[in-house]
Amino acid sequence: MDEVNWGELREIARGAMRRAYAPYSDFPVGAAAIVDDGRIVSGCNIENASYGITLCAECSLVSQLVMTGGGKLVAFTCVDGNGEVLMPCGRCRQLLYEHSAEGMVLETVSGRKTIDEVLPDAFGPRQLGEYHQ
Ligand code: THU
């Protein structure tokens with residue numbers, strides 16, 4: 001894959017963040033990622049009066065990934081309402097793991113890290129496969 005243009009990816013995440021529906025937390029989030037075929041997908045958080053069913057920006061991004069042809073994520077970034085890099089929440093790291101290419105890189109508050117570094121010893125499809133064989 002070509003060199004990742006992190007600045008451009010962050011700008012796309014900022015654009016997504018501006019579409020967030022976050023009237024309850026007033027904490028808009030935007031996410032953007034590069035897919036292994038070169039597509040770029042993005043998402044924003046979508047809150048709900050029933051707070052617990054809020055969709056994180058990563059959920060919206062993964063929906064777009066699947067609906068536009070699937071594939072694996074190779075590079076990911078997420079920003080807060082100030083456009084600063086935001087660490088994906090734990091649930092969303094699991095969500096991203098399922099759709100990550102091996103060695104997927106995330107921009108984090110402490111630099112660029114692989115999916116395995118931000119979700120060590122992850123539970124995933126392999127464990128299900130091993131049990132069922
Ligand atoms: N949020 C995300 O969209 N992604 C994250 O990784 C962290 C949290 C959203 C959920 C909620 O709408 C708001 O941020 C405050 O928690």
Side-chain angles (χ1 to χ4, degrees):
M1 200 199 56
D2 297 337
E3 227 7 65
V4 174
N5 186 336
W6 289 100
E8 184 189 51
L9 199 59
R10 224 174 298 124
E11 270 313 304
I12 293 166
R14 288 179 184 133
M17 176 271 289
R18 286 190 279 272
R19 293 185 181 274
Y21 175 75
Y24 306 108
S25 70
D26 191 27
F27 191 87
V29 179
I34 302 176
V35 186
D36 56 359
D37 65 1
R39 264 154 57 230
I40 291 185
V41 289
S42 58
C44 63
N45 54 336
I46 304 166
E47 298 188 342
N48 192 280
S50 178
Y51 300 160
I53 66 170
T54 284
L55 303 178
C56 280
E58 294 85 341
C59 300
S60 152
L61 178 147
V62 165
S63 299
Q64 190 181 109
L65 171 73
V66 172
M67 283 299 293
T68 59
K72 296 289 183 189
L73 303 172
V74 297
F76 171 90
T77 193
C78 183
V79 297
D80 65 17
N82 294 319
E84 301 298 329
V85 171
L86 182 72
M87 199 65 200
C89 73
R91 177 181 180 275
C92 288
R93 292 181 210 185
Q94 177 72 29
L95 183 71
L96 293 169
Y97 177 75
E98 180 89 14
H99 301 278
S100 61
E102 200 161 331
M104 165 186 162
V105 179
L106 299 88
E107 212 172 31
T108 81
V109 289
S110 51
R112 288 172 203 152
K113 296 197 170 162
T114 66
I115 186 73
D116 294 313
E117 286 175 305
V118 303
L119 193 70
D121 300 323
F123 172 83
R126 194 180 307 134
Q127 282 67 37
L128 294 176
E130 281 167 6
Y131 175 71
H132 284 117
Q133 73 190 4

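Note that this is a predicted model, so its numbers are computed, not measured. Order of listing sets the numbers, starting from 1, for every ligand and every atom in it.
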Could you tell me whether P88 and ligand 1 have an N or O pair separated by under 3.5 Å? no

Does any N or O atom in T54 lie less than 3.5 angstrom from one in ligand 1, N or O only?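 N/O-N/O distance below 3.5 Å does not exist for this pair.
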
[X] and [Y]: which non-hydrogen atoms are nearest, and at how many Å?
{"X": "P88", "Y": "L106", "result": "CG-CD2, 4.0 Å"}
{"X": "N45", "Y": "A20", "result": "OD1-CB, 3.1 Å"}
{"X": "S42", "Y": "A16", "result": "CB-CB, 4.1 Å"}
{"X": "C56", "Y": "C92", "result": "CB-SG, 3.4 Å"}
{"X": "V79", "Y": "R10", "result": "CG1-CG, 3.8 Å"}

Tell me the protein heavy atom at minimum distance from [atom], and give that distance in Å.
{"atom": "atom 8 (C) of ligand 1", "answer": "C56 SG, 4.1 Å"}
{"atom": "atom 16 (O) of ligand 1", "answer": "F27 CD2, 4.7 Å"}
{"atom": "atom 3 (O) of ligand 1", "answer": "A57 N, 2.8 Å"}
{"atom": "atom 9 (C) of ligand 1", "answer": "N45 ND2, 3.5 Å"}
{"atom": "atom 7 (C) of ligand 1", "answer": "C89 CB, 4.0 Å"}
{"atom": "atom 4 (N) of ligand 1", "answer": "E58 OE1, 2.9 Å"}

Show the atoms of ligand 1 that are less than 4.0 angstrom away from any heavy atom in S25.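 Atoms satisfying the 4.0 Å criterion: 13 (C), 15 (C).
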
For ligand 1, which atoms, with element, lie under 4.0 Å from some heavy atom of E47?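 So the answer, numbered in order with elements, is 11 (C), 12 (O), 13 (C).
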
So is A22 close enough to ligand 1, meaning a heavy atom under 4.0 angstrom away?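 No, A22 has no heavy atom closer than 4.0 Å to ligand 1.
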
Count I, L, V, M, F, W, Y as connected when their side-chain heavy atoms are under 4.5 Å apart, and connections chain through other members. Are V118 and V62 then in the same cluster? yes

Please say yes or no: joined through hydrophobic side-chain contacts below 4.5 Å, possibly via intermediate residues, are M87 and M17 part of one cluster?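 Per the 4.5 Å side-chain linkage, M87 and M17 are not co-clustered.
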
Does the protein put any heavy atom within less than 4.0 Å of atom 12 (O) of ligand 1? yes

Taking atom CZ of R19 as the centre, report whether more than 12 heavy atoms of other residues, nucleotides or ligands fall under 6.0 Å from it. no

